Amino acid sequence: MSSGASGSARTRYAILGCGSVGHAVAEELTERGKDVLILDRDESRVEALRDQDLNARVQDIAEPDVVDELADRDIVLILASDVEANKAAVSAVRETGGDHYLVARASDPVSEDELRERGADVVINPSTVIADSALQSLETGELEYMARQLAEIIEDGGDRMAILTHDNPEPDSIASATALQAIAEAFGVDADIIYSGDVGHQENRAFVNLLGIDLLARGEASPLSEYETIAAVDLAKAAAEDLDLDVSVDIYLDHLEAEVPFDARFVDVRTNVSSTSTILTKYLQEFDQSPSEAVATALLYGIRAETLDFKRDTTPADLTAAAYLHPFANHDTLEQVESPSMSPETLDVLAEAIQNREVQGSHLFSTAGFIRDREALAQAAQHLLNLEGITTTAVLGIADEKIYLAARSKDIRLNIGNVLDEAFSEMGDAAGHSTQGSLEIPLGIFTGIEASGDKRDTLLHLTEEAVRRKLFDALGVEGGSGDSSNGS
């Protein structure tokens with residue numbers, strides 16, 4: 001092997017076996033100005049290659065002396081259609097101590113393993129490459145087809161669109177709605193983003209305020225019947241009937257399957273990505289729309305929030321979408337969104353949750369008592385998840401005659417959303433996924449006691465005990481019947 005070579009300009013290549021695959025690679029490398037040597041046992045083929053001004057020599061690559069021709073080569077591509085000859089060539093190079101970088105062609109999974117065992121650095125199976133290329137082309141064609149359908153519905157739907165987020169919308173839902181709003185406006189359609197519940201989490205409020213995102217509460221917006229097109233984004237945990245809709249949905253976009261499928265004119269649900277923001281980014285690209293700074297920042301934050309900053313269930317599509325958005329986004333704004341000041345209410349809830357924590361193994365349960373801001377429960381559950389040895393947290397609070405519970409988990413064996421649903425679905429509304437969940441239960445189901453006067457402490461104790469027992473039982477935690485201990 002040549003010594004002292006550094007950098008791609010000085011890299012020397014050899015192609016062993018020059019059939020259709022080897023010929024295509026040789027031509028491409030030569031066009032890039034690379035130094036390429038071709039070895040093939042077919043004399044007529046070598047002559048034809050020389051006629052094309054390619055550096056070709058006659059050599060049986062299955063013979064051990066093939067190594068003598070490779071002394072000044074750095075990268076060797078062994079691409080003959082005869083896989084046995086490829087195996088022999090790999091073995092010959094490695095048995096003589098050659099440290100060339102070897103790329104070898106296989107024909108099936110068995111030969112792939114054999115070539116790796118003999119010392120090939122990279123193994124290529126043309127059938128797999130073709131299949132992958134076909135799937136990529138299919139995915140590109142499918143997106144083009146879907147984008148064309150989406151454009152037709154937006155353009156033909158009239159001048160006003162309502163975009164619905166899920167209740168108490170989070171970054172992925174808000175960002176997706178913001179991107180769809182921008183797409184609609186590019187087609188001359190005015191779109192309102194409408195939500196139910198509250199934008200309660202302090203990061204979500206900072207997100208909306210800093211980016212200047214206009215959201216309309218359901219009660220403040222026009223009746224849905226006055227909109228000519230209805231779109232819904234990121235609503236997997238809600239069926240259409242749960243949204244109290246008196247109109248049909250035209251467009252539905254999500255990265256999770258809904259428990260009750262939406263009956264919409266246009267549906268794009270992609271479970272192979274981890275955020276709806278990723279899907280909307282792909283549509284912006286397909287429509288050749290460069291995102292505004294606000295839209296790009298929102299989508300990038302939506303992807304990062306949904307993947308826990310690329311640490312949870314991140315797919316290649318999420319990463320490529322984030323890479324595309326990166327130069328358009330305002331990263332100073334992102335930093336402000338991700339580090340908002342903590343409200344006094346949130347601090348109080350966190351302090352109560354820390355003080356009242358009960359630990360069983362790696363599971364932590366706590367109560368924040370009577371609260372004003374239920375979104376603070378989620379922040380407390382997330383903070384407590386940082387305690388050493390803790391993999392699952394749940395924090396309970398009472399407000400407005402309801403019991404609220406926020407849960408978080410980093411245990412890969414556990415789906416906390418499913419745990420809450422299985423344990424409490426018959427008595428309240430549970431939602432979530434593998435790493436986070438929420439629960440809402442009418443207060444009277446557990447106690448029948450009104451939350452007033454001197455009964456508040458008794459009510460809180462009974463509620464906390466009932467929920468804790470049921471949750472720990474669902475988690476399969478010993479001690480769910482009451483012998484839990486305070487962790488320190």
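No experiment lies behind these values; they were computed from the predicted model shown. The figures that follow rest on heavy atoms only: side chains count, while hydrogens, waters and symmetry mates do not.
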Checklist entry - Under the side chain to side chain donor-acceptor pair (under 3.5 Å) criterion, do Thr297 and Asn330 qualify, and how do the steps go? => result CA-CA 6 Å; Thr297 305; Asn330 186 318; 5.9 Å; no

Checklist entry - Between the main-chain N or O of Thr11 and the side-chain N or O of Lys34, is there a donor-acceptor pair closer than 3.5 Å? => result no

Next on the checklist: Test of understanding: with ring pair (Phe, Tyr, Trp, His ring centres under 6.0 Å), list the residues that count as partners of Phe328, not counting sequence neighbours.
Outcome noted: Tyr324

Next on the checklist: How about CG on Asp309, more than 12 heavy atoms from neighbouring residues, nucleotides or ligands closer than 6.0 Å, or not?
Outcome noted: yes

Next on the checklist: Can you see whether Asp411 engages Thr392 through a side-chain donor-acceptor pair at a distance of less than 3.5 angstrom?
Outcome noted: no

Checklist entry - Considering all heavy atoms of both residues, which atom of Pro442 and which atom of Met427 are nearest to each other, and what is their separation? => result CD-O, 3.5 Å

Item to check | Any residue meeting ring pair (Phe, Tyr, Trp, His ring centres under 6.0 Å) with Phe266, in chain and number order, not counting sequence neighbours | outcome: none

Checklist entry - Between the side chain of Ser173 and the main-chain N/O of Glu170, is any donor-acceptor distance below 3.5 Å? => result no

Item to check | Value rounded to 0.5 Å, distance of CZ in Arg105 from CG in Leu77 | outcome: 12.5 Å

Checklist entry - Can you tell me how far OG of Ser111 sits from CD of Glu117, rounded to the nearest 0.5 angstrom? => result 11.0 Å

Item to check | Which residues share a side chain to side chain contact (heavy atoms under 4.5 Å, CB included) with Glu388, sequence neighbours left out | outcome: none

Item to check | Any Val273 side-chain heavy atom under 4.5 Å of Ile279 side chain | outcome: yes

Checklist entry - Under a 4.5 Å cut-off applied to non-hydrogen side-chain atoms, are Leu460 and Ile398 in contact? => result yes

Checklist entry - Would you say the side-chain atoms of Thr393 pair up with the backbone N or O of Ala407, donor to acceptor, closer than 3.5 Å? => result no

Checklist outcome for this item: The reported gap from CG in Leu164 to CG in Asp192 (rounded to nearest 0.5 angstrom) is 10.5 Å

Item to check | Residues which pass side chain to side chain donor-acceptor pair (under 3.5 Å) with Thr281, listed by chain and number, not counting sequence neighbours | outcome: none

Checklist entry - For Glu144, what residues pass the side chain to side chain contact (heavy atoms under 4.5 Å, CB included) criterion, not counting sequence neighbours? => result Arg148, Glu286

Item to check | Trace of the side chain to side chain contact (heavy atoms under 4.5 Å, CB included) decision for Glu464 with Phe365 | outcome: CA-CA 9 Å; Glu464 174 189 351; Phe365 179 88; 3.7 Å; yes

Checklist entry - Where do Ala191 and Ile163 come nearest, in terms of heavy atoms and distance? => result CB-CD1, 3.8 Å

Checklist outcome for this item: Rounded to the nearest 0.5 Å, the CD1 atom of Ile213 sits from the OG1 atom of Thr178 at a distance of 4.0 Å

Checklist entry - With Asp429, which residues qualify under salt bridge (Lys or Arg N to Asp or Glu O under 4.0 Å), at least two apart? => result none

Item to check | Under 3.5 Å: donor-acceptor pair, side chain of Arg468, backbone of Glu465 | outcome: no

Next on the checklist: With no hydrogens and no angle check, just 3.5 Å: does a side-chain donor-acceptor pair link Ser275 and His255?
Outcome noted: no

Item to check | Smallest separation among heavy atoms of Gly302 and Ala175, with atom names | outcome: CA-CB, 4.4 Å

Checklist entry - Counting only heavy atoms not in Asn386, do more than 12 fall under 6.0 Å of its CG? => result yes

Item to check | Tyr227 vs Ser222 side-chain heavy atoms within contact, under 4.5 Å | outcome: yes

Next on the checklist: Holding to ring pair (Phe, Tyr, Trp, His ring centres under 6.0 Å), I want the full list of residues that pass it with Phe187, two or more places apart in sequence or in another chain.
Outcome noted: Phe287

Checklist entry - Does some side-chain heavy atom of Gln382 sit less than 4.5 Å from a side-chain heavy atom of Gln379? => result no

Next on the checklist: With a 3.5 Å distance limit and no angle check, can you tell me whether Asn356 reaches the backbone of Glu352 through a side-chain donor-acceptor pair?
Outcome noted: yes

Checklist entry - If we only count heavy atoms from C-beta on, is the Leu300 to Arg304 side-chain gap below 4.5 Å? => result yes

Checklist entry - Under a 4.5 Å cut-off applied to non-hydrogen side-chain atoms, are Thr315 and Leu319 in contact? => result no

Checklist entry - Shortest non-hydrogen contact from Leu384 to Leu364? => result CD1-CD2, 3.7 Å

Checklist outcome for this item: With sequence neighbours left out, the residues meeting salt bridge (Lys or Arg N to Asp or Glu O under 4.0 Å) with Asp400 are none

Checklist entry - Is there a donor-acceptor pair closer than 3.5 Å between any side-chain N or O of His331 and the backbone N or O of His326? => result yes

Next on the checklist: Nearest 0.5 angstrom please: Thr314 OG1 to Ile303 CD1, how far?
Outcome noted: 10.0 Å

Next on the checklist: If I compare all heavy atoms of Gln289 with all of Ala182, which pair ends up nearest, and what's the gap?
Outcome noted: OE1-O, 3.9 Å

Next on the checklist: Distance to the ring centre below 6.0 angstrom and angle to the axis at most 45 degrees; does that hold for Arg270 and Tyr283?
Outcome noted: yes

Checklist entry - Does Asp121 come within less than 4.0 Å of Arg116, counting only side-chain N to carboxylate O? => result no

Next on the checklist: The test is side chain to side chain contact (heavy atoms under 4.5 Å, CB included); show your working for Leu396 and Tyr404 and say whether it passes.
Outcome noted: CA-CA 6 Å; Leu396 177 147; Tyr404 295 100; over 6 Å; no

Item to check | Beyond-backbone contact of Leu280 with Ile183, side-chain heavy atoms, under 4.5 angstrom | outcome: yes

Checklist entry - Mind checking what makes side chain to side chain contact (heavy atoms under 4.5 Å, CB included) contact with Asp250, not counting sequence neighbours? => result Ile153, Thr229, Ile230, Arg265

Checklist entry - Crowded around Asn272 CG? As in, over 12 foreign heavy atoms under 6.0 Å? => result yes

Checklist entry - With Asp190, which residues qualify under salt bridge (Lys or Arg N to Asp or Glu O under 4.0 Å), at least two apart? => result none

Checklist entry - Does some side-chain heavy atom of Phe424 sit less than 4.5 Å from a side-chain heavy atom of Ile441? => result yes

Checklist entry - Under the salt bridge (Lys or Arg N to Asp or Glu O under 4.0 Å) test, which residues partner Glu440, sequence neighbours left out? => result Arg374, Lys402

Checklist outcome for this item: Between Thr276 and Leu253, the two heavy atoms sitting closest are CG2-O, 3.9 Å

Checklist entry - Who pairs with Ala380 by side chain to side chain contact (heavy atoms under 4.5 Å, CB included), at least two apart in sequence or on another chain? => result Val349, Leu350, Ala353, Val395

Checklist entry - Which of parallel (below 30°), tilted (30 to 60°) and perpendicular (above 60°) describes Phe207 and Tyr301? => result tilted

Checklist entry - So, Asp318 and Thr307: side-chain donor and acceptor under 3.5 Å apart, yes or no? => result no

Item to check | side chain to side chain contact (heavy atoms under 4.5 Å, CB included) between Val267 and Val269, worked out | outcome: CA-CA 6 Å; Val267 176; Val269 176; 3.7 Å; yes

Item to check | Stepwise side chain to side chain contact (heavy atoms under 4.5 Å, CB included) test for Ile174 and Ile193 | outcome: CA-CA 8 Å; Ile174 296 170; Ile193 302 174; 6.0 Å; no

Item to check | Gap separating the OG atom of Ser362 from the CG atom of Leu414, nearest 0.5 angstrom | outcome: 9.0 Å

